[in-house]
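A short worksheet on the structure shown next.
Indexing begins at 1, ligand by ligand and atom by atom, following the structure's order. No hydrogens, no waters, no symmetry mates; every other heavy atom, side chains included, goes into these values.
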Amino acid sequence: MSKHNKQEMVVRHKLFDRICHWFIVAVGLVTFLTGFSFFYPSFQWLGAIAGTPQLAKFIHPIAGLLMCLPLMLMLVRYYHHNKWEKHDLAWMLAIKDVMFENEEKIPPIGHYNPGQKVLFRAFVLTSITLTVTGFIMWQPYFAPYFSATVVGWAIVLHAISALIMLMFVMVHFWMASWVEGSITGMLYGKVSKAWCRKHHPLMLDEHSDVEKH
Ligand code: HEM
């Protein structure tokens, strides 16, 4: 990359957050595969990543915690980027232009668009419910401290939260793939100023102190 291009780049994701994010993706894969292997007998093969069904049962809660704790940390670190702003409503009302990529008609937005902010809230809710219910149903360590009714409800809520999180992760993956340059931003940390002007124009104003390289 030439010196000129380098000056046009800004930092969007710090190294710590990128490590957190890709660690979450890696352990999240193990969590989801082992977790869904318990859903139906015909899904059991998904747990093969753990070796045996017994190992899948042992690994799942540990992988789940290793996914949810860094996720919560990342969500706390990204909270300030995900507050609702006045300009978000205008963007939502222009959702048709967003979908059809009528760029000149899309109202400017900041670091994240309202779609990403909705996903953020879904990740907050599901990571909390999965962790709390996961502890309540964790045999043989924590479940004996709760009544059978509480454990039963925890199992139902855990399954519903997992399905909701999976659905939102799929939307998240689709949105990330749709916006060219977004995945490289999460991989290498930087995006070009031209990218910001196109996808998140107000980001440059919000972060006038943004690190330049
Ligand atoms: C292979 C799957 C995934 C890909 C390709 C991916 C990609 C990305 C990208 C490109 C961004 C930055 C978006 C931007 O700069 O505008 C991002 C942000 C983020 N990702 Fe992922 N991601 C994946 C899976 C996950 C999973 C499984 C989780 C957690 C359940 C997750 C949680 C987050 C969070 C919390 C953010 C910050 C978003 C915000 O603050 O609103 N990602 N991801």
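Partners of Lys105 under the salt bridge (Lys or Arg N to Asp or Glu O under 4.0 Å) rule, at least two apart in sequence or in another chain, do not exist in this structure.
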For ligand 1, which of its N or O atoms have a protein N or O partner closer than 3.5 Å, and how long is each gap?
from: ligand 1; atom 1: 15 (O); to: Arg12; atom 2: NE; distance (Å): 2.6
from: ligand 1; atom 1: 15 (O); to: Arg12; atom 2: NH2; distance (Å): 3.3
from: ligand 1; atom 1: 15 (O); to: His13; atom 2: NE2; distance (Å): 2.8
from: ligand 1; atom 1: 16 (O); to: Arg12; atom 2: NH2; distance (Å): 2.7
from: ligand 1; atom 1: 16 (O); to: Gln116; atom 2: NE2; distance (Å): 2.9
from: ligand 1; atom 1: 20 (N); to: His21; atom 2: NE2; distance (Å): 2.9
from: ligand 1; atom 1: 20 (N); to: His172; atom 2: NE2; distance (Å): 2.8
from: ligand 1; atom 1: 22 (N); to: His21; atom 2: NE2; distance (Å): 2.8
from: ligand 1; atom 1: 22 (N); to: His172; atom 2: NE2; distance (Å): 2.8
from: ligand 1; atom 1: 40 (O); to: Asn82; atom 2: ND2; distance (Å): 2.9
from: ligand 1; atom 1: 41 (O); to: Asn82; atom 2: OD1; distance (Å): 2.9
from: ligand 1; atom 1: 41 (O); to: Asn82; atom 2: ND2; distance (Å): 3.4
from: ligand 1; atom 1: 42 (N); to: His21; atom 2: NE2; distance (Å): 2.9
from: ligand 1; atom 1: 42 (N); to: His172; atom 2: NE2; distance (Å): 2.9
from: ligand 1; atom 1: 43 (N); to: His21; atom 2: NE2; distance (Å): 2.8
from: ligand 1; atom 1: 43 (N); to: His172; atom 2: NE2; distance (Å): 2.7

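The aromatic ring centroids of His199 and Trp195 lie less than 6.0 Å from each other.
With hydrogens and angles disregarded, no donor-acceptor distance shorter than 3.5 Å links the side chain of Ser127 to the backbone of Cys68. Remark: the backbone N or O of Arg77 is paired with a side-chain donor or acceptor of His80 at under 3.5 angstrom. Of the possible polar contacts, none joining the His13 side chain to the Gly189 backbone as a donor-acceptor pair under 3.5 Å is found.
Scanning both residues, Pro70 and Leu65, for their nearest heavy atoms gives CD-O, 3.9 Å.
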